[in-house]
2 protein chains.
Amino acid sequence: MQRGQESLDAVKVRTLPVQVAAHLTRRIVRGDFEDGRAPSELDISREFGVSRVVARETLKILASLDIVDVAQGRRVVVRPRAEWDYLSPLLIEWLPEEIVGELLQELDQMRVLLEPELAAMAAASITDETLNRLRDELDRMAALEGDPDAYLEVDHEFHMEICRAADNRILDRIMYSARWLGTASRRITNEAPAALRKATADHAEIYEALLARDPARARAAMRKHLSNNSALLAEKKQQTKRAARRR
Amino acid sequence: MQRGQESLDAVKVRTLPVQVAAHLTRRIVRGDFEDGRAPSELDISREFGVSRVVARETLKILASLDIVDVAQGRRVVVRPRAEWDYLSPLLIEWLPEEIVGELLQELDQMRVLLEPELAAMAAASITDETLNRLRDELDRMAALEGDPDAYLEVDHEFHMEICRAADNRILDRIMYSARWLGTASRRITNEAPAALRKATADHAEIYEALLARDPARARAAMRKHLSNNSALLAEKKQQTKRAARRR
DNA sequence: AGGTCCAACTTGTCCTATAAGCTGATGACA
DNA sequence: TGTCATCAGCTTATAGGACAAGTTGGACCT
């Protein structure tokens, strides 16, 4: 299986269409098709040395992320960046770090708006079963403070559990879409291990509020927890800015 | 071009894969594959009388909506309904009315959480240009009170304009995903034309607050506007319940 | 100059073939 | 009899070639 001039053959992590889509997206971000005309199926097929089937699926992926518009007979056109699907973990993965940094802040803003309310909603309708699972996750997190990666895995599960308890499929989906936050913020939180202990205390407080089925207290506890997180992010942003100024 | 036993040939509104995906989703919702094993590419190809390419793209669509899991060598499996992408207008279109009704309420809950804050954020950073567009849309809505469909079109644009002004791509995307609300709620609002005049007044108040660049007032105005909407939805829900009880 | 129409290009769909990955059942071995 | 390696048969992934159908821009005619 031969490839074209673009080297895709690093490691076969994903299917060919996904790899090609990643390359193309990066080129679009770089500004290669500023006239709005993106490569056609045949162009892609030739340039990357893949079959038309793969080129086709590549365009389907880009279209599903609202990166391009595809229609029979018409040329493929790049859509305005403002309309891209920034909720998709796939897209995030392909964006340059500085944009992801900005998105991380915007996503944090969203969490601050939603999660306290989700906690309050959950407090009103949470089941004993869910409470048990939360208790369990709490214990596991306490044991994992030395391993930030594993910790954040459980951390995310803890938050999603609460989200699910709020019993709203739309909000649940939104928070689920934000799961890439975990991967992206990992780098940040790893640098500040002391924050993990603080997080554990926060989580315990949220759990207590839910156990007491007290919406107001759950909201407040979640809000406090998130404000710690936001502070960390803002600090990181400052560092990035300083680094940029040094350049 | 001949079709299989399932009749897809109503009107060619969309591509074949989309039509087949719609049919399959409806069957999944109906509970046809409760064992979790969904039809394979060949199954679909045979049953609907389409080529394997189309069957393949069908599965890709279902996978992108998190309705099924597809992997090489493994059978296609249906994912738990809780994990489906309820933010996708495509999926919503294929769901039975009663589920859409529930989702409408959950979506309303989301809007109540987000939109007032979006309005407040917008008030802090809105440009004169955006204000002009809002003014224009306000005028157009006033003229369109007799035509609910056209009215709601502009209504949606008005809300999205504010959302964009808040300058947060994530939140913007979330609200954009909720655009199916327009179509779905159209039926409801059409029944209560008096509500349109009320909405116009609400919109004007929001506009005034933005013009004054007063976040708190913008938040309050938006909250009031949405509470009217929520009331309408709740009323509709009551009617549906009564109708169900009669059955 | 203005309008009509067609040729070239583009995506949509079909067919057939091969590669690659998974699963369950068969059968060898302890 | 129980355990484990192996493989046949299923599945998706990719390739190549063909034709249908829709769009666009330019050639051509008036």
Side-chain angles (χ1 to χ4, degrees), chain A residues 1-4 6-24 33 35-79 90, chain B residues 1-4 6-24 33 35-79 90:
Chain A
M1 204 197 314
Q2 54 183 3
R3 277 301 98 73
E6 299 260 345
S7 73
L8 297 174
D9 30 29
V11 186
K12 184 177 175 173
V13 189
R14 300 257 175 72
T15 63
L16 227 37
V18 174
Q19 295 177 56
V20 177
H23 272 256
L24 268 182
F33 311 104
D35 55 352
R37 296 152 85 96
S40 69
E41 288 182 4
L42 268 175
D43 293 338
I44 294 172
S45 170
R46 275 193 292 263
E47 178 173 4
F48 292 88
V50 297
S51 77
R52 225 195 98 194
V53 179
V54 171
R56 194 177 164 63
E57 272 185 26
T58 298
L59 286 180
K60 281 280 149 62
I61 292 173
L62 296 184
S64 81
L65 296 175
D66 287 344
I67 295 175
V68 299
D69 260 337
V70 178
Q72 185 172 5
R74 275 205 288 276
R75 255 212 104 94
V76 179
V77 295
V78 177
R79 298 185 57 170
L90 213 49
Chain B
M1 205 196 314
Q2 53 180 7
R3 278 298 100 74
E6 300 260 347
S7 73
L8 297 174
D9 30 29
V11 185
K12 187 179 173 173
V13 190
R14 299 257 176 72
T15 63
L16 267 173
V18 173
Q19 295 178 56
V20 177
H23 273 255
L24 268 181
F33 311 104
D35 54 351
R37 295 150 84 98
S40 69
E41 288 182 5
L42 269 175
D43 294 337
I44 294 173
S45 170
R46 274 193 293 264
E47 178 172 4
F48 291 88
V50 296
S51 77
R52 232 195 91 198
V53 177
V54 170
R56 193 177 167 61
E57 272 184 25
T58 298
L59 286 180
K60 281 280 149 64
I61 292 173
L62 296 184
S64 80
L65 297 175
D66 286 344
I67 296 175
V68 299
D69 260 337
V70 178
Q72 185 171 5
R74 274 204 290 275
R75 256 210 103 95
V76 179
V77 295
V78 177
R79 298 186 56 172
L90 213 49

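So that the names make sense, note that chain A is the first sequence line, chain B the second, and so on, each numbered from 1.
- The side chain of B:Val53 lies closest to C:dC15 when the candidates are C:dC15, C:dC22, C:dG21.
- Separating the CD atom of A:Gln19 from the P atom of D:dT14 is a distance of 8 Å, rounded to the nearest angstrom.
- Atom-to-atom, NZ of A:Lys60 to C1' of C:dT11 comes out at 8 Å; the value is rounded to the nearest Å.
- Looking at the side chain of B:Arg75, the nearest of the listed nucleotides D:dT12, D:dT11, C:dC14 is D:dT11.
- Residue A:Asp69 contributes atom CG, which lies 15 Å from atom C1' of D:dT23 at whole-angstrom precision.
- D:dT11 atom P lies 8 Å from atom CZ of B:Arg46, rounded to whole Å.
- Side-chain contact between A:Leu16 and A:Phe48 is absent, with no heavy-atom pair separated by less than 4.5 Å.
- At the heavy-atom level, B:Val54 lies under 4.0 Å from the strands shown only through sugar-phosphate atoms.
- Residues B:Arg14 and B:Gln19 share a closest heavy-atom pair of O-NE2, 3.0 Å.
- The residue among B:Arg37 and A:Val70 whose nearest nucleotide of DNA chain C is located toward the 5' end is A:Val70.
- Across C:dT13, C:dT10, C:dT23, the shortest atom-to-atom separation from the side chain of B:Arg74 is found for C:dT23.
- To the nearest angstrom, P of C:dT11 lies 10 Å from CD of A:Gln72.
- When the side-chain nitrogen and oxygen atoms of A:Ser51 are compared with OP1 and OP2 of D:dA15, one or more of them lie within a distance under 4.0 Å.
- The interatomic distance linking B:Arg56 (CZ) with C:dC15 (P) rounds to 16 Å, in whole Å.
- The CG-C1' distance, from B:Leu59 to D:dT11, rounds to 11 Å in whole Å.
- When rounded to the nearest whole Å, the span between CZ of B:Arg52 and C1' of C:dT13 equals 14 Å.
- Residues A:Val53 and B:Val53 are not in side-chain contact: their nearest non-hydrogen atoms beyond the backbone lie 4.5 Å or more apart.
- Heavy atoms only, all atoms of each residue included: A:Ser45 and A:Arg52 are closest at OG-N, 4.1 Å.
- Atom CD of B:Glu57 is separated from atom OG of B:Ser51 by 8.5 Å, given to the nearest 0.5 angstrom.
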